[in-house]
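Data block below; observations after.
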Amino acid sequence: RLRKWQRKIRISGATERNLAFALSELDRDSSRLGLPRSVREAASMVYRRAVENKLIRGRSIEGVVAASLYAACRKCNVPRTLDEIAEVSRVSKKEVGRTYRFLTRELNIKLPPTSPVDYVPRFASELGLSGEVQSKAIEIIEMAMENGLTSGRGPTGVAAAALYIASVLLGERKTQRDVAEVAGVTEVTIRNRYKELTEQLDLGVTL
Amino acid sequence: MTDVDIKIENIVASATLGKSIDLQTVAEALENVDFNREQFPGLVYKLKEPKTAALIFGSGKLVCTGAKSIEDSKRAIKLTVDMMRTMDPDIPEEFEIKIQNIVASANLGKPLNLEAVALGLENTEYEPEQFPGLVYRLDDPKVVLLLFGSGKVVCTGAKSAEDAKLGVEKTKARLAELDLI
DNA sequence: ATTTTACTTTCGAAAGC
DNA sequence: GCTTTAAAAAGTAAAAT
């Protein structure tokens, strides 16, 4: 019995150590991504639930932390791409994506696909674009969604093209290159998306 | 209502010859062969007609991929084994061939709103950030479909052409049932 | 700026790390 | 889980022209 007790202490000690490590890892990733405390708390909630349900088995703590953070960002409508999460954590994009799927399935977390709208505020502020341009971009994205122009397209590419178009329409023009850089997509993608948007939507302006 | 044209794009089949093979000998005798034991235990043998690739293992088992019909798949395996028999006369004439996977493509005719499908259809995964297709898993037949915004579809995991076609038809019916197509 | 090549996802078998 | 094979879907990326 004494031995059983000692093992328990040892195990709980390890559990606490692991939790402490996970939380420090979470803090490190979060600060690198410039995420607010509320998102970190949401992520730690997901992580703790993963531990409670013994979902860490066979997986690295870093991977589960990264996936928890990815999920929390989406849930809080301040999405980060898998590439961005992979960059700050020491987990590959593939591993983050795989663990994310596993966690959402096992914890019954149901998140709709990321909306391009959620990327607008972040990209716009990094580009120094006004609230008017943001509103216009969101308006364009909503029109695109209604016309089936977002199915299968990357959310960041759609958001980038909408912001580019809105910036031109409202006289706050940004170059495709600058928009592409903050959105993490290529200029070719922005070009392809805005061609499609301007050709199929009545945006009232010839670019 | 149930008329869906399916096109078989790829077939994976396996065979067991029941006799171990000396891969090194085969590798040295042919030119169009790839063999790196450290990298992969199978020897890669490609045929131009039917355009297929066979993976031959030391255990005497082999896998054939790339054929676009069950007949071509069987023909490719027989041609491959005939080639092997020229080097080892003991390889039997009769052996079992099993179709392991059939990949087919089809067109549902109308474009799909994947966001809506993701919300209404069960057992789906849709992550446009990673891949433009929506993954739909069917239990009966046990196949997996990739649905695209264009209405085009890929069905994989089927063991028979019938199941591949059934999978697409059931998917189409389910989408119509949910008013998603 | 357009074209080509290539990678993302799904599936399955094989032998072994 | 990975390694290797082939193939389609459509989007995106990188390199070539």
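Just so we're on the same page: letters track the sequence lines, and every chain starts at 1.
With values rounded to the nearest 0.5 angstrom, T99(A) atom OG1 is found 12.0 Å from E106(A) atom CD.
Inspection of the E122(B) and Y136(B) side chains reveals an N or O donor paired with an N or O acceptor under 3.5 Å. Side-chain atoms of T150(A) and E115(B) form a donor-acceptor pair, as typed in the model, at a separation below 3.5 Å. For the residue pair S14(B)/Q100(B), the side-chain donor-acceptor check at 3.5 Å is satisfied.
Using a 4.0 Å cutoff on non-hydrogen atoms, the parts of residues 142-161 of chain A near DNA chain D are G152(A), R153(A), G154(A), ordered by number. Proximity of residues 116-127 of chain B to DNA chain D (heavy atom under 4.0 angstrom from any strand atom) is not detected for any residue. Within residues 34-42 of chain B, the residues that place at least one heavy atom under 4.0 Å from DNA chain D are, in residue-number order, Q39(B), F40(B). Residues from residues 94-109 of chain B lying near DNA chain D, meaning a heavy-atom separation below 4.0 Å, are V103(B) in numerical order. For DNA chain D, the neighbouring residues in residues 58-75 of chain B, judged by any heavy atom under 4.0 Å, are T65(B), G66(B), K68(B).
Along DNA chain C, read 5' to 3', the first and last nucleotides having any atom under 4.0 Å from a heavy atom of chain A are dA1(C) to dT10(C). When DNA chain D is scanned 5' to 3' for any atom under 4.0 Å from a heavy atom of chain B, the first and last hits are dT3(D) to dG11(D).
Not counting sequence neighbours, E169(B) has no partner by the salt bridge (charged side-chain N to carboxylate O under 4.0 Å, His left out) test. E142(A) meets the salt bridge (charged side-chain N to carboxylate O under 4.0 Å, His left out) test with no other residue; sequence neighbours excluded. For E139(A), the side chain to side chain donor-acceptor pair (under 3.5 Å) criterion is met by K136(A), not counting sequence neighbours.
A ring-ring contact (aromatic ring centres under 6.0 Å, His included) check over residues 75-112 of chain A, counting only residues at least two apart or in different chains, returns the pairs Y70(A)-Y100(A).
Enclosure of atom NZ in K110(B) is not indicated, since only 12 or fewer non-hydrogen atoms of other residues, nucleotides or ligands lie within 6.0 angstrom.
In this structure the side chain of R80(A) never reaches within 4.5 angstrom of the side chain of E87(A), judged on heavy atoms.
Counting Ile, Leu, Val, Met, Phe, Trp and Tyr side chains that sit under 4.5 Å apart, directly or through other members, M45(A) stands alone, with no cluster partners.
A distance of about 14 Å separates the C1' atoms of dT9(C) and dT12(D), rounded to the whole Å. Rounded to a whole angstrom, the distance from the C1' atom of dA9(D) to that of dA1(C) is 27 Å.
Annotation: of the two residues near DNA chain D, V44(B) and E196(A), the 5′-most nearest-nucleotide partner is V44(B).
Considering all non-hydrogen atoms of both residues, A161(B) and I102(B) come closest at N-CD1, 3.5 Å.
Transitive grouping of hydrophobic side chains (ILVMFWY, heavy atoms separated by less than 4.5 Å) keeps V144(B) and I11(B) in distinct clusters.
With hydrogens and angles disregarded, no donor-acceptor distance shorter than 3.5 Å links the side chain of N101(B) to the backbone of V12(B).
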